[in-house]
Amino acid sequence: SHSLRHIFLYFSPSSNRSSAMNNIILYIATSQDGFIADKNGGVDWLPQPKDDHDLEVVGYNKLMQRIDTIVMGSNSFKQIVGFGDWGWKDKHTYVFSFEDLEAPLSCITMTSDSPIEFTKKMRDRMLGQDIWLLGGAALAQSFAKDGLIDEIILTIVPQRLGVGLSLGISLDGFVLQSETPLMDGM
């Protein structure tokens, strides 16, 4: 069936870590067999939202209202820059990179901080909305290894890739709060 399964996973309250703001949210799509990209790092297999309704359905619009900061790895950054226009000029993006990358816009900052150092700075902000951990897999795994992800919002796309880049994150310590099947064949 071509239903998209959109699953919300929230950090289990037993850990008592979630703060009122500056939470780190991993919002990402995977194939049915757990891959976030094909073996070449490509994402052309992901269904493209056609309109605002599609973005609403997969929780993107709601996420945009919650966040003021986006974090991503250098490969994700290069891929997104390659797509053309930067879509989040009203948010601040931090790109984790050990390379000397050029930030093309003032709303983008390159950082060599560790996830722990970065998260501490973000949590020390007196104000601030939540933070979208966009990916890729290596950065998400680093944040997960240090126990820094507060919430996971996963869209499972009804497609098997067989091989590719795996999300590779354990969901131990997360409680499934809701699972919503999406039937409108995005």
Residues Thr93, Leu134; criterion side chain to side chain contact (heavy atoms under 4.5 Å, CB included); working and verdict: CA-CA 10 Å; Thr93 298; Leu134 177 143; over 6 Å; no

Stepwise, does the side chain to side chain contact (heavy atoms under 4.5 Å, CB included) test hold for Asp146 with Thr119? CA-CA 10 Å; Asp146 293 329; Thr119 303; over 6 Å; no

Test Ile131 against Arg125 for side chain to side chain contact (heavy atoms under 4.5 Å, CB included), laying out the working first. CA-CA 12 Å; Ile131 298 146; Arg125 304 187 295 177; 4.0 Å; yes

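In terms of heavy-atom proximity, Trp132 sits nearest to Leu63 at CD2-CD2, 3.7 Å. Shown here for Met110 and Glu102, the closest heavy-atom pair between the two residues is CE-O, 3.5 Å. Here the shortest heavy-atom pairing between Leu46 and Ala29 reads CD2-CB, 3.7 Å. The shortest non-hydrogen separation linking Gly135 to Ser76 is C-OG, 3.4 Å. The two residues Trp86 and Lys89 make their nearest non-hydrogen contact at O-NZ, 3.4 Å. Closest approach of Val95 to Ser74, counting heavy atoms only: CG1-CA, 3.9 Å.
Remark: the backbone N or O of Leu161 is paired with a side-chain donor or acceptor of Asp33 at under 3.5 angstrom. Remark: side-chain polar atoms of Gln159 are not paired, donor with acceptor, to backbone N or O of Gln32 under 3.5 angstrom. Distance alone, capped at 3.5 Å, is enough to place a donor-acceptor pair between the Lys91 side chain and the Met64 backbone. With hydrogens and angles ignored, the 3.5 Å screen pairs no side-chain donor or acceptor of Asp85 with any backbone N or O of Gly87. A donor-acceptor pair under 3.5 Å is absent between the side-chain atoms of Asp68 and the main chain of Gly128, judged by distance alone.
Both Phe83 and Trp45 belong to a common hydrophobic cluster when Ile, Leu, Val, Met, Phe, Trp and Tyr are linked at side-chain heavy-atom distances under 4.5 angstrom. Clustering ILVMFWY residues whenever any of their side-chain heavy atoms sit less than 4.5 angstrom apart, transitively, puts Phe98 in a cluster other than the one holding Phe77.
Leu101 has its side chain within reach of Lys78: a pair of non-hydrogen atoms, C-beta onward, lies under 4.5 Å apart. Ile80 places a side-chain heavy atom less than 4.5 Å from the side chain of Trp88.
Taking CZ of Phe118 as the reference point, atom CD1 of Ile24 lies at 6.5 Å (rounded to 0.5 Å). With values rounded to the nearest 0.5 angstrom, Lys120 atom NZ is found 12.0 Å from Asp113 atom CG. The structure places NE2 of His92 at 10.0 Å from CG of Leu105, a figure rounded to the nearest 0.5 Å. If you take CD1 on Ile70 and CG on Leu133, they are separated by 11.0 Å, rounding to the nearest 0.5 Å. Rounding to the nearest 0.5 Å gives a distance of 4.5 Å between CG of Leu167 and CD1 of Ile169.
Between Asp150 and Arg123 there is a salt bridge, since a side-chain N of the basic residue sits under 4.0 Å from a carboxylate O of the acidic one.
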